[in-house]
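The structure under discussion appears below in the form of structure tokens.
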Amino acid sequence: MKLSTKLLAATAMVSASAASAVELEVTHWWTSGGEAAAVSKFADAWNATGNTWVDGAIAGSGGTARPIIISRIIGGDPMGATQMNHGRQAEELIEAGLLLDLSDVAEAGGWADLVNPSSLLESCTLDGKIYCVPVNIHSAQWIWLSHSAYENAGLSVPTDWYEFAASAGDLQAAGTLPLAMGQQGWQQNIAFGAITLAVAGLDAWKGVNVDKNADVARGAEYTAAFEAVAAARAFAVGSNVQDWNLATNMVITGSAGAQIMGDWAQGEFAVAEQVEGEDYSCLPGLGLNDVLDTGGDAFYFPVNDDPEITAAQKEMAALLISPEAQVSFNLAKGSLPVRGDIDMSTANGCMQKGLEILASGGILPSSDISFSQDTTLQIEDLMAQFWSSDMSAADAQASYANLIENAD
Amino acid sequence: MTVASDPPLRTAKRPNRLFKNMMAKIASIPMILTALVVFVGGTAWTVVYSFTGSRMLPKTKWVGLDQYERLWDSDRWIISIKNLGIYGGCSMVLTLVLGFCLAACLDRKIRFESAFRTIFLYPFALSFVVTGLAWQWILNPDFGLQSVVRGWGWETFTFNPINDPDTVIFGLLIAGLWQGTGLIMCIMLAGLRGIDDDIWNAAKVDGIGTVKTYVVVIIPMMRPVFITALVLIASGIIKLYDLVVAQTGGGPGLSSEVPAKYVIELMFRAQNLGQGFAASSMMLLSVVIILIPWAYLEFGGRKNG
């Protein structure tokens, strides 16, 4: 009660200061069907305040869009607001003083109490000041299973990774590809991350991904994990697709048994009008560990000389995290909301599983938060090499441990 | 007497040469400045910052040769260099040979010459991105050439270069040749047209065969044309980037990575400018190592001799 009045007061205050309508250009890379629908919810909410949302969608994934966004900010042609993954991607832009300090908006809105998990807000914080608005949570540790593929092979749908691995041979015998895998480093890295988390366990995973301890990466838990990844590589032989949604489509049509992919994959199932539990199943943490990482998207606001635009930027920051915008956006996007105090009962089964894990505190930091982009790309390169060649698990583990040793 | 009066005359003329065509020299000052500041200055800046630990933004945090050590330790860079070597060697030889053969065929006064010329030159009008995407589909085993030939009844036909790490670079080569050969053909054709008919008549009188005339007489006469073609092909090879991005994305795995892509990805995706600068400095160095001896032989050597 107290919270919502505070929030209302804050919004009223900010919107009163920006009486005239302002055009803000918002850049993002949400261009697939479900993503575009989600971003239009934000645009509608913003336009409803009397301001204008100028959509600056950049096609291609974050890897394509991020350099464009960053070079515009550095080059002195800043947009009004921009999507980025929170974490360390904007660290240097903040240090260079190119992004707007949102601490006053955050304080007025009481973000510190609202945002759940609080690590999201921490990743927006540098030297005690808040520079971004987290808008959603995405987790990568999911496996998506095709019911029709398992029915055709006369098998029951697995409930965890080990059952899946055991059933892979029978799937193959029935002429179905066990594991769909897009041949891109970041997808292979997601599969690697999910399998290591499930097989090596939480402590070992944290030792490597949070403490960056190379000895853990050389240890027995990670040896088992790398062997499991090598087995997964054998399950995915013959998967010649590149893009993640094409791999998801193989699961939808039943030509592949499963795919390891983040929770954004359920947007594809929704578009294909498949029903969770009937046509497909989802297992967070590969059915072994009830933990999810908490990567996601956040909005940053580049510093602007025009006080009117600055006021509008702060108004938008408050709007993006408001309960209404959070519910409508995240339902369309298939992601989890950043605040724990809103009603998400209309979400589907997979999202409910995610919400439960979030509420019970099974939360990990995303690798976007612990590793720099440089280290991430090096790991992705290693995974791309490992998945497309016959590199042995031991060699891959040794290279990986070296990367962890030099990680920053 | 003449010996004594000559030197003062020459010294009096020298300043004149500097101020000769004064207007032309003033007019070219902007271009000279652009060349110095943008090209030379930018190059020097890049090389200097390759010795720093710059991440997203350039910083003067000196790290010595660390960036270069990491570069040559990186599998991805080694693969990139090897790929460029294979692609460059094959592309250089095949483009010249095919371009010359096509030009020679068109030069035999065939019918519909201009139609053929247009057809061969057309791919060059397409961007590398379009070329890459088109060939990605043509070489796709499920939709492209392989499935078409299988559809004709040859069931065991296998042609799947871009999904195999060992052959993917040849898949790129096919697309690169398809796009680039037409231009080289046109340059060669222009060169061939510049050969006087009398040469051909003389060769005929001497009873030299057509092929032998081409190899022994015509090709040596076309040396400047070949050099132009060589420079065009070489610059295309070094900056090979968009074709790879469109056709394979560097995959499968890292098997079709190229140096220019390494530079771009490290600078912008990994947000590690220092490493990207080190890689681009290495590219510059390799060009310089090839270029300087060649330029010395081509231009400097002749003046001295």
Side-chain angles (χ1 to χ4, degrees), chain A residues 60-71 73-74 88-98 181-188 233 237-243 246 371-391 395-396 399 402-403 406 408, chain B residues 53-59 61 63 66-67 69-71 73-80 129 133 136-137 139-144 146 160-166 168 245-257 261-276:
Chain A
S61 60
T64 316
R66 212 174 298 122
I68 300 174
I69 292 170
I70 290 172
S71 60
I73 297 175
I74 294 176
R88 301 184 47 190
Q89 293 173 353
E91 205 173 67
E92 286 196 45
L93 290 177
I94 296 172
E95 281 168 8
L98 292 166
M181 173 61 66
Q183 302 296 315
Q184 291 169 344
W186 67 270
Q187 298 178 50
Q188 292 155 338
R233 176 175 66 183
V237 169
S239 176
N240 281 339
V241 291
Q242 295 280 331
D243 292 321
L246 298 181
F371 291 136
S372 71
Q373 283 295 294
D374 192 24
T375 305
T376 308
L377 187 71
Q378 282 180 300
I379 296 174
E380 281 177 8
D381 280 354
L382 174 66
M383 283 306 135
Q385 223 177 343
F386 177 71
W387 281 83
S388 68
S389 65
D390 52 4
M391 184 193 269
D395 288 350
S399 308
N402 283 338
L403 290 181
N406 299 317
D408 56 1
Chain B
S54 301
R55 305 308 290 261
M56 188 199 282
L57 303 170
K59 279 183 201 145
K61 195 184 99 197
V63 294
D66 281 7
Q67 299 286 12
E69 273 165 27
R70 178 175 153 191
L71 182 70
D73 268 347
S74 150
D75 277 348
R76 181 173 180 160
W77 175 252
I78 304 290
I79 294 170
S80 302
V129 174
L133 281 178
Q136 186 191 49
W137 285 103
L139 297 177
N140 182 313
D142 301 325
F143 308 102
Q146 178 178 313
N160 185 10
I162 61 173
N163 284 316
D164 180 346
D166 296 327
V168 62
V245 171
Q247 199 179 347
T248 66
L254 300 177
S255 51
S256 59
E257 292 291 341
K261 188 160 178 285
Y262 185 91
V263 173
I264 297 275
E265 300 242 313
L266 262 295
M267 275 167 64
F268 299 110
R269 254 188 77 196
Q271 299 170 357
N272 190 338
L273 285 180
Q275 182 67 18

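This one's a predicted model, so the numbers in the text were calculated from it and none came from an experiment. Note on naming: letters A, B, ... go to the chains in the order of the sequence lines (proteins, then strands), and numbering restarts at 1 for each one.
If you measure heavy-atom distances from B/Ser74 to chain A, you find no contacts under 4.5 Å at all. Proximity to chain A is limited to the side chain of B/Ile79, based on heavy atoms less than 4.5 angstrom apart. Neither the backbone nor the side chain of A/Ile68 comes within contact range of chain B; no heavy atoms are under 4.5 Å apart. A/Gln188 does not touch chain B: none of its heavy atoms, backbone or side chain, sits under 4.5 Å away. Using a 4.5 Å cut-off between heavy atoms, B/Pro252 contacts chain A through both its backbone and its side chain.
Listed for the A/Gln373 side chain is no donor-acceptor partner under 3.5 Å among the backbone atoms of B/Gln271.
Considering CG of A/Leu377 and CZ of B/Arg76, their distance stands at 5.5 Å, rounded to 0.5 Å. For the atom pair CD1 (A/Ile70) and CE (B/Met56), the distance works out to 4.0 Å, reported to the nearest 0.5 Å. The structure places CG of A/Asn402 at 9.5 Å from CG of B/Asp73, a figure rounded to the nearest 0.5 Å.
In terms of heavy-atom pairs under 4.5 angstrom with chain A, the leader among B/Asp75, B/Thr248, B/Leu254, B/Asn140 is B/Leu254. In terms of heavy-atom pairs under 4.5 Å with chain B, the best-connected choice from A/Glu380, A/Glu92, A/Gln378 is A/Glu92.
Side-chain contact between B/Glu265 and A/Asp381 is absent, with no heavy-atom pair separated by less than 4.5 Å.
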